[in-house]
Amino acid sequence: MPVREVLLAGADDRDLTKLAEYQAIGGYAGVPKARAMTSDDLIAELQTANLRGRGGAGFPMGRKASLIDRSSPKPKYLVVNADESEPGAFKDREVMARVPHRLIEGCLIAAHAIECHDVYIFIRGEYLTEYEILQAAVDEARAANLFGDVEITVHRGAGAYICGEETALLDALEGKRGQPRPRPPFPPVQGLYDAPTQINNVCTIATVPTIMELGAAEFAKIGPESSPGTAIFSISGNIARPGNYELLLGTPMRELIYDLAGGIADGRELKAVIPGGSSVPALSPDEIDVPLDYDSLGKIGTFFGAASLIIVDDRCCMVQLALRSTKFYMHESCGKCTPCREGTRWMVQLLEKIEAGEAELSDLDLLDNVGSRILGRSLCALGDFAVYPVASYLKKWRDEFVAHVELGRCPYGGESSLEGIVAPLDAHTHHPTVEVPA
Amino acid sequence: MSSSLYDAIQAERAKYPAGSRSATLHALRLAQEEHGWLSPDALREVADALDVTPAYCKAVASFYDMFHLAPIGTHLVEVCTNLSCALAGAQRVVDAFESELGVAPGETTEDGEITFRTVECLGGCGYATVVAVDHRYRQHVGPDDVAGIVEELRAGS
Ligand SMILES: Cc1cc2nc3c(=O)[nH]c(=O)nc-3n(C[C@H](O)[C@H](O)[C@H](O)COP(=O)(O)O)c2cc1C
Ligand code: SF4
Ligand code: FES
């Protein structure tokens, strides 16, 4: 079985939230090792490891570190993206809850590489229990004098998906509305407080201690050459054994779905897999032999994304799926640029019309057209994230959209699994009915 | 303003470079915990403690879903209805809360005890349906669990 644990190694046998337990399995040994190296050498080592960012885009972590303007007179910052709000994703949460010291050790190593003394971990506000565990681990490691001249601050968000976008995250961390910044300048040159900033996902940073432990050359041999290492895959939806599975990159998707996660729940038929969290193009059942790595998924027109598979069975109406998804992106659009702010609203209106059986065939083309005018024309990728999945549903399950038009109603006749689902957007106009106390 | 709120906000400010506004979200959260919601008074207290204007505080607070600019109940029940929970039957959980509490999503019970709303993905998709009860996650919640949760809240308050 292609399970080789890196991120979660040891967590089944010991309570790795405790410093002593983590140190008993060799934890924090990577920090003195890293500190014995020059920053240049450490960055070179990280580049050799070819660890690709686990937050979505897959950019090599070591190369990112090499872009940090270390000659700047300003402080350098390391920011860990623990905002995890992509629908379908719950892997960073498990890392923080079960192996917080591995993340902290990774922070200390990465901080040394970019000559940084201030690390911020931005954790989504809803993760209260995980925040408490992580903060306790930070305090314990600091008290054990493991930090040296580095300080780690855990910064809680307050509920906004867009804060996972790295420049919106920086604004939120600066105490503002979390809206993306125009680029350039890019964060390695001008990031937090206008200073050079490295931003990485939780799982990216929590993998760094293993690179120190094995050596970059050995690490690079784990899994496929183009994307070494493991990833935690979150799998949810209509699946028999949902949960997190840490696997070698390159593991066939079919193996995860059918062998590890037990196949489709309730004996139903697989209809679609949204492989990277809800923001990526969906795959049909004949496409699931794809290896789970950045390049293989890219080749068949989708994305690795947040390594989070949403399994959809044959009870789900694809128009309802598109509508619920688009309501999320409309709700989370920060409103800064027109194509995303207005376009997502227009998409919701069109999808509502289609679902209600009131659309004409030309509305399907209009939906496609609206999407094509958001794609690539928005300030950040959220606009694209709204369009990618819907465009794929419209293309691969077009007959379902057409059936809504031709029948003048939803072909599921009220029996779809998403029938009547109430999105937060739908309740937006309701206000709590309590009187303001005098 | 309670001096403890003021002091707590200053302690947060000290964690960030002088002159930055990075403590804003923490300050708003602390004020909300004290007041129950971000009333005009609460926003003014935050503004004073941070040396910014109340308008700035309201502008920031209004951006984030966890801040309440209108009063809410003593307890907050939030049901995730994003894709994975929805596919696993979240709407049945929503319906159960609606009939148990007698209010629609986004509303508060008449006695001011429980505010109930639907929320976007909470990051527990593999353990659907996820319900945050006063910010603590309940996982694998089904319609049959709803009466017990409501009873527990009513008994505790
Ligand atoms: C709308 C949006 C939401 C995002 N949400 C997250 C997130 O929750 N966590 C994350 O690590 N990256 C997220 N990203 C990607 C980040 O912008 C960034 O690429 C990533 O944190 C870099 O880390 P990595 O190189 O280690 O992957 C998001 C991007 C966009 C456009
Ligand atoms: S694409 Fe959407 S979320 Fe991103 S900056 Fe524009 S409006 Fe904001
Ligand atoms: S979809 Fe409900 S927790 Fe993610």
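By convention in this document, chain letters (A, B, ...) are assigned in the order of the sequence lines, proteins followed by strands, and residues within each chain are numbered from 1. Keep in mind that what you see is a predicted model, and the values were worked out from it rather than measured.
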**Report entry** Test salt bridge (charged side-chain N to carboxylate O under 4.0 Å, His left out) applied to Arg136(B) and Glu132(A), step by step
**Finding:** CA-CA 12 Å; Arg136(B) 298 289 174 184; Glu132(A) 289 168 347; 2.9 Å; yes

Can you tell which of [options] has the highest number of heavy-atom pairs within less than 4.5 Å of chain A?
| options | result |
| --- | --- |
| Ala27(B), Ala59(B), Ala132(B), Ala128(B) | Ala59(B) |
| Thr81(B), Leu50(B), Leu28(B), Asp111(B) | Thr81(B) |
| Val119(B), Val79(B), Asp95(B), Val94(B) | Val119(B) |
| Thr118(B), Val52(B), Val60(B), Thr24(B) | Thr118(B) |
| Lys15(B), Arg29(B), Glu78(B) | Arg29(B) |

Counting heavy-atom pairs under 4.5 Å to chain B, which of [options] comes out on top?
| options | result |
| --- | --- |
| Ala160(A), Gly88(A), Cys163(A) | Gly88(A) |
| Ser278(A), Cys316(A), Ser236(A) | Ser236(A) |
| Glu84(A), Lys176(A), Arg156(A) | Arg156(A) |
| Glu151(A), Glu332(A), Arg124(A), Arg177(A) | Arg177(A) |
| Ala265(A), Ser234(A), Gly157(A), Gly243(A) | Gly157(A) |
| Glu419(A), Lys327(A), His155(A) | His155(A) |

Query raised in the report: Run the side-chain contact (heavy atoms from CB on, under 4.5 Å) check on Ile162(A) and Phe63(B) step by step: do they pass?
Result: CA-CA 10 Å; Ile162(A) 189 57; Phe63(B) 189 81; 3.7 Å; yes

Report task. Can you tell which part of Ala86(B) gets under 4.5 Å to a heavy atom of chain A, answering side chain, backbone, both or neither? Result -> both

Query raised in the report: Tell me, side chain or backbone of Gln32(B) under 4.5 Å from chain A's heavy atoms, or both, or neither?
Result: neither

Query - Ala172(A) versus Leu25(B), closest heavy-atom pair with distance - result: O-CD1, 4.0 Å

**Report entry** Heavy-atom pair with the smallest gap, counting every atom of Tyr77(A) and Pro17(B)
**Finding:** OH-CG, 4.1 Å

For the side chain of [X] and the backbone of [Y], is there at least one donor-acceptor N/O pair under 3.5 Å apart?
| X | Y | result |
| --- | --- | --- |
| Arg117(B) | Pro424(A) | no |
| Arg21(B) | Leu173(A) | no |
| Ser417(A) | Leu87(B) | no |
| Tyr64(B) | Gly178(A) | yes |

Segment of [X] engaging chain B (4.5 angstrom heavy-atom cut-off):
| X | value |
| --- | --- |
| Ile421(A) | both |
| Glu86(A) | backbone |
| Tyr161(A) | neither |
| Ala89(A) | backbone |

Nearest 0.5 Å, what's the [atom1]-[atom2] distance between [X] and [Y]?
| X | Y | atom1 | atom2 | answer |
| --- | --- | --- | --- | --- |
| Ser84(B) | Ile274(A) | OG | CD1 | 7.5 Å |
| Leu321(A) | Leu83(B) | CG | CG | 5.5 Å |
| Ile310(A) | Cys121(B) | CD1 | SG | 7.5 Å |

Query raised in the report: Hey, does Glu126(A) have a side-chain heavy atom less than 4.5 Å from the side chain of His135(B)?
Result: no

Does [X], at its [atom1] atom, have more than 12 non-hydrogen atoms belonging to other residues, nucleotides or ligands within less than 6.0 Å?
| X | atom1 | answer |
| --- | --- | --- |
| Gln10(B) | CD | yes |
| Arg92(B) | CZ | no |
| Lys58(B) | NZ | no |

Report task. Take Glu120(B) and Arg324(A) through the salt bridge (charged side-chain N to carboxylate O under 4.0 Å, His left out) test and state the conclusion after the steps. Result -> CA-CA 10 Å; Glu120(B) 295 296 7; Arg324(A) 180 66 189 86; 2.7 Å; yes

Report task. Taking the six-membered ring for Trp and the single ring otherwise, decide whether the centroids of Phe90(A) and Tyr137(B) are under 6.0 Å apart. Result -> no

Requested in this report: May I have the step-by-step check of side-chain contact (heavy atoms from CB on, under 4.5 Å) for Thr153(A) and Tyr16(B), ending in yes or no?
Outcome: CA-CA 9 Å; Thr153(A) 304; Tyr16(B) 299 92; 3.7 Å; yes

Query raised in the report: So, Tyr193(A) and Ser22(B): side-chain donor and acceptor under 3.5 Å apart, yes or no?
Result: yes

